[in-house]
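In what follows, a single structure is set out as C-alpha cells and then discussed.
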Amino acid sequence: MQGDLSPQPSLSRILLTDLYQLTMAYGYWKQGMQDHESVFHLTYRSNPFRGGYAIACGLEAAVQFMEAFRFEPDDLAYLASLTGNDGRPLFEAGFIRYLGDLEFSCSLHAIPEGTAVFPHLPLLRIQGPLIQCQLLETPLLSLINFQTLIATKASRVAMAAEGDTVLEFGLRRAQGEDGGLSASRAAYIGGCHATSNVLAGKRFGIPVRGTHAHSWVMSFASEPEAFEAYAAAMPNNCVFLVDTYDTLQGVRNAVEAGLRLRAQGHRLAGIRLDSGDLAALSKAARGLLDAAGFQDAAIVASNDLDEYEIRKLKAEGACIGVWGVGTRLATAYDQPALGGVYKLGAIRAPGGAWSYKIKLSEQPIKVSNPGIQQVRRYRSAAGFAADLIFDSEHPAFPEVMTDFRGHTASLEGLDHEELLVPVFEQGRRVYALPSIHEIRQRTLAQLAALPPACRRFESPDPYPVGLSPQLAALKAELMEAARKREGQEAGGGV
C-alpha cells in the first residue's frame with residue numbers, strides 16, 4: 001500500500017494566536033488602518049508567588065517567532081475555510097491575499113532575559129504597523145508569561161537551597177511537551193544547575209542529570225541485586241534510589257554496593273531519598289555513609305519540593321546537598337499564570353502625530369501607562385535603587401520619580417542604565433542572542449543587586465517603580481480627558 005502522498009502541513013506557528021486577533025486585523029484592514037503605526041507594551045501587574053520581583057525570560061523564543069513571522073499557503077487555506085454565523089467565509093479573499101503578502105517590519109525593544117523586573121515595567125516594546133503588532137499579542141504573551149513565571153520560581157528555589165545543587169526534575173508532570181521544554185530552559189536561567197530533560201539538554205545546552213527509578217529496583221529479585229547491576233552498568237555514575245522498600249536498609253545496601261565500587265577503583269556518587277521524613281532520614285543516611293568512609297557521597301532529595309519545603313528542611317538540619325525539584329517548579333504549582341498584559345500606548349496615521357492611549361479601569365492596578373516607554377534603572381553602591389518609566393519621545397526630565405502610590409522621590413546623583421535594548425529594527429534583527437549560560441549568570445548577578453528586603457519570601461518590601469514627571473502628567477491628563485468624554489457620552493453630550 002502506498003503512503004499518504006497528500007501535501008503535509010507546514011511547521012508555521014503564525015496561527016498560534018486567538019481568533020479575535022485575526023478578526024481585529026481584518027477590521028483594521030477593512031478600515032484602511034493596517035499601516036497606522038502603533039506602539040504596544042508587554043508588562044505584568046503584580047509579582048508572582050507573593051514575592052518582590054520576577055525574572056524576565058522567554059525573549060529568545062519571541063525572537064524566533066518573529067523571525068518566522070509569515071503566513072504559509074496552508075495557513076491561508078485554513079483561514080479561507082473559516083465561516084461566520086451566516087455560513088459565509090469569515091474573511092474575504094482580498095484579506096487572505098493581503099496576509100499572504102505580509103512581511104514582518106516591526107521594531108522590538110526588550111529587557112534582556114535574566115533581568116530582575118517588577119510590575120508595570122514594559123518587558124517588551126513593539127512598534128510597527130498596527131495589524132502586525134496586533135497579531136503578535138497572543139504569541140508574545142504565551143512565550144513570555146510562562147518562561148518568566150518559571151524562571152522566577154526557579155530563582156526562589158535556588159535561593160532557598162543556599163548554594164546547594166538544584167536539579168529540575170519536572171518533565172513528567174509538566175504541561176505537555178512544550179511546557180516541559182520551556183520550563184527546563186527557564187528553570188536553568190532562574191538558577192537551577194541541571195535538568196533531567198534530555199531533549200532540553202540537547203536543544204538548549206543545559207547540563208543533564210539523573211539517577212534511576214523505583215522500577216529498576218523492582219525489576220530485580222532484591223534491592224542489593226538491583227544496585228549491583230546498576231553499578232556494573234554505570235560504575236562512575238551511581239546515585240542509588242534507596243526508598244523502594246525500607247529506606248535505611250536501602251542506604252545500607254547502597255553502602256555495600258559502594259564498597260564494592262571502591263574496591264574496583266570507582267566511587268559511590270550518592271543516594272536519593274524520595275519519600276518519608278526527609279530531614280530525619282537524611283541525617284541517619286549521612287551517619288551510615290560517613291561511617292563507611294563515604295563522606296563525599298551526596299544525598300539527593302526529591303518528593304514535592306519547593307522553596308518553602310527546602311527552607312523548612314534546612315531549618316531542621318537536613319543533611320541534603322542536592323535538591324531534585326519537579327512538579328512544584330515546572331508547573332508553577334502555587335501560581336500557574338503570570339498574568340502579563342499587552343496594551344496599546346500610542347498610535348498615529350501615516351505622516352501624522354502620535355496619539356497617546358490609555359486604558360481605564362475601576363481598579364487602579366489595571367490602568368495602563370501611555371507613551372512610547374523606556375525604563376531607566378538607578379543604582380547606588382549597595383545595588384539597585386529604583387526603576388523609572390519615561391516616554392522615549394520626551395526623554396529630558398529631572399531626576400524625580402512619582403511611584404504608583406503617588407509618592408515622589410529624588411534620584412539625583414545615582415548611576416543609571418536604560419533597560420530596553422534594540423532587538424529588531426523595522427523587521428531586521430540587530431541583537432545577538434546571548435547563550436543560556438550567560439543569561440543564567442545575568443540572573444544571579446541581578447538577584448545579588450536586589451535589596452535583600454525585596455528578595456524575602458514573606459512580605460517583601462516593594463521595589464520602587466514609578467513614572468517620570470512628564471509621563472505622570474500625561475497619564476493624569478489622559479485619564480481626566482477620558483473620564484470627561486465618558487461623562488459627556490453618558491449624559492448625551494458631544
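Bear in mind the structure is a predicted one, so any value in this text is a computation, not a measurement.
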Query raised in the report: Considering residues at least two apart in sequence or located in another chain, which fulfil the ring-ring contact (aromatic ring centres under 6.0 Å, His included) criterion with H416?
Result: Y378
Query raised in the report: Between the side chains of T138 and Q21, does any donor sit under 3.5 Å from an acceptor?
Result: yes
Query raised in the report: Can N253 and Q249 be counted as having a side-chain donor-acceptor contact under 3.5 angstrom?
Result: yes
Query raised in the report: Taking F118 as the fixed residue, which of Y463, F384, F404 is the one that meets the ring-ring contact (aromatic ring centres under 6.0 Å, His included) rule?
Result: Y463
Query raised in the report: Got L199 and L181 here, is their nearest side-chain heavy-atom distance under 4.5 Å?
Result: yes
Query raised in the report: Rounded to the nearest 0.5 Å, how far does CD of E438 lie from CG of L433?
Result: 10.5 Å
Query raised in the report: Quick one: does D243's side chain have a donor or acceptor within less than 3.5 Å of a partner on L273's backbone?
Result: no
Report task. Check for a donor-acceptor pair, side chain of Q264 on one end and backbone N or O of H266 on the other, with a separation under 3.5 Å. Result -> no
Query raised in the report: Got a salt bridge between R311 and E458, using NZ or NE/NH1/NH2 to carboxylate O under 4.0 Å?
Result: yes
Query raised in the report: Does any non-hydrogen side-chain atom of Y342 lie less than 4.5 Å from one of I126?
Result: yes
Report task. Using the side-chain contact (heavy atoms from CB on, under 4.5 Å) rule, take H214 and V217 through it: C-alpha gap first, then chi angles, then the decisive distance, then the call. Result -> CA-CA 5 Å; H214 296 105; V217 176; 5.7 Å; no
Query raised in the report: If only atom types and distance count, is the side chain of R13 paired as donor or acceptor with the main-chain N or O of L16 below 3.5 Å?
Result: no
Query - Side chains of R70 and S12, donor plus acceptor under 3.5 Å - result: no
Query raised in the report: How far apart are the closest heavy atoms of N303 and S275, and which atoms are they?
Result: ND2-CA, 3.8 Å
Query raised in the report: Would R328 count as a cation-pi partner of Y333, with NZ or CZ less than 6.0 Å from the six-membered ring centre and within 45° of the ring normal?
Result: yes
Report summary line: Of all heavy-atom pairs linking A297 and G270, the shortest is CB-CA, 4.1 Å
Query - Residue pair Y53 / S155, side-chain donor-acceptor N/O under 3.5 Å - result: yes
Query raised in the report: Is a side-chain N or O of S182 found less than 3.5 angstrom from the main chain of D178, in a donor-acceptor match?
Result: yes
Query raised in the report: Would the number of heavy atoms belonging to other residues, nucleotides or ligands and lying under 6.0 Å from CD of E177 be above 12?
Result: no
Query raised in the report: Looking only at side chains, do S302 and D274 share a donor and an acceptor under 3.5 Å apart?
Result: yes
Report task. May I ask you to decide if K343's main-chain N or O and S368's side chain share a donor-acceptor pair within less than 3.5 Å? Result -> no
Report task. Indicate yes or no: at least one non-hydrogen side-chain atom of I310 is less than 4.5 angstrom from one of V325. Result -> yes
Report task. Could you label the plane-to-plane angle of the F65 and F69 rings as parallel, tilted or perpendicular, counting under 30° as parallel and over 60° as perpendicular? Result -> perpendicular
Report task. Please find out if less than 6.0 Å separates the ring center of Y188 from that of H437. Result -> yes
Query raised in the report: Do any N or O atoms from the side chain of E307 and from the backbone of A160 form a donor-acceptor pair under 3.5 angstrom?
Result: no
Report summary line: Minimal heavy-atom distance between C106 and C133, with the atoms involved, is SG-SG, 3.9 Å
**Report entry** Under 3.5 Å: donor-acceptor pair, side chain of T327, backbone of D304
**Finding:** no
Query raised in the report: Do S282 side-chain atoms and A279 backbone N/O form a donor-acceptor pair below 3.5 Å?
Result: yes
Query raised in the report: Is it true that the NZ or CZ of K153 lies under 6.0 Å from the centre of F49's six-membered ring and within 45 degrees of the ring axis?
Result: yes
Query raised in the report: Does the distance from a Lys or Arg side-chain N to an Asp or Glu carboxylate O, for R252 and E256, drop under 4.0 Å?
Result: no
Requested in this report: State plainly whether the residues R50 and D334 are in salt-bridge range, i.e. N to O under 4.0 Å.
Outcome: no
Query - Minimum heavy-atom distance V239-A269, with the two atoms named - result: CG2-CB, 3.8 Å
Query raised in the report: Is the centre of the Y230 ring less than 6.0 Å from the centre of the H212 ring?
Result: yes
Query raised in the report: Do other residues, nucleotides or ligands put more than 12 heavy atoms under 6.0 Å from the CZ atom of R172?
Result: no
Query raised in the report: Could you give the distance from CG (L136) to OG1 (T17), rounded to the nearest 0.5 Å?
Result: 8.5 Å
Query raised in the report: Can you check whether R45 reaches P119 side chain to side chain, under 4.5 Å on heavy atoms?
Result: no
Query - Nearest-0.5 Å distance that lies between atom NZ in K314 and atom CD in E309 - result: 13.0 Å
Query raised in the report: Checking R455 side chain against L447 main chain: does a donor-acceptor pair fall under 3.5 Å?
Result: yes
Query raised in the report: Heavy-atom distance under 4.5 Å between the side chains of L102 and Q132, does that happen here?
Result: yes
Query raised in the report: Less than 4.0 Å between a side-chain N and a carboxylate O, is that true for E417 and R377?
Result: no
**Report entry** Exercise: identify the closest heavy-atom pair between G190 and T443
**Finding:** O-CG2, 3.9 Å
Query raised in the report: Would M218 and T244 satisfy side-chain contact (heavy atoms from CB on, under 4.5 Å), going step by step from the backbone distance to the final call?
Result: CA-CA 8 Å; M218 296 161 63; T244 306; 3.8 Å; yes
Requested in this report: Determine, for F169 and R209, whether the Lys NZ or Arg CZ falls below 6.0 Å from the six-membered ring centre while staying within 45 degrees of the axis.
Outcome: no
**Report entry** Pair E113 + R185: basic N to acidic O under 4.0 Å
**Finding:** yes
Query raised in the report: Do you see a donor-acceptor pair shorter than 3.5 Å between the side chains of Y44 and H120?
Result: no
Query raised in the report: Under 3.5 Å, is there a donor-acceptor pair between the Q373 and R125 side chains?
Result: no
Report summary line: Value for CZ (F424) from NE2 (H109), rounded to nearest 0.5 Å, stands at 12.5 Å
Report task. Say whether E168 and T195, considering side chains only, have a donor N or O and an acceptor N or O under 3.5 Å apart. Result -> yes
Report summary line: Distance col, row I299:CD1 vs L289:CG, nearest 0.5 angstrom, shows 5.5 Å
Report task. Looking only at non-hydrogen atoms, find the nearest pair between G191 and A154 and report the distance. Result -> N-CB, 4.5 Å
Query raised in the report: Should we count OH of Y245 as having more than 12 external heavy atoms under 6.0 Å?
Result: yes
Query raised in the report: Are the side chains of W216 and L241 in touch, meaning some heavy atoms are under 4.5 Å apart?
Result: no
Query raised in the report: Does any donor atom in the side chain of R173 or T331 lie under 3.5 Å from an acceptor atom in the other side chain?
Result: no
Report task. I would like to know whether D387 and R376 meet salt bridge (charged side-chain N to carboxylate O under 4.0 Å, His left out); could you show each step before the answer? Result -> CA-CA 6 Å; D387 285 3; R376 183 169 288 180; over 6 Å; no
Query - From CD1 (I150) to CD1 (I55), nearest 0.5 Å - result: 13.0 Å
**Report entry** With sequence neighbours excluded, residues passing salt bridge (charged side-chain N to carboxylate O under 4.0 Å, His left out) with D290
**Finding:** R286
Query raised in the report: So, S392 side chain and I372 main chain: donor-acceptor pair closer than 3.5 Å or not?
Result: yes
Query raised in the report: Hey, are the side chains of F220 and E228 touching, using non-hydrogen atoms and a 4.5 Å cut-off?
Result: no
Query raised in the report: Do the side chains of C238 and F227 get nearer than 4.5 Å, heavy atoms only?
Result: no
**Report entry** Test salt bridge (charged side-chain N to carboxylate O under 4.0 Å, His left out) applied to R156 and D306, step by step
**Finding:** CA-CA 9 Å; R156 292 165 60 86; D306 61 13; over 6 Å; no
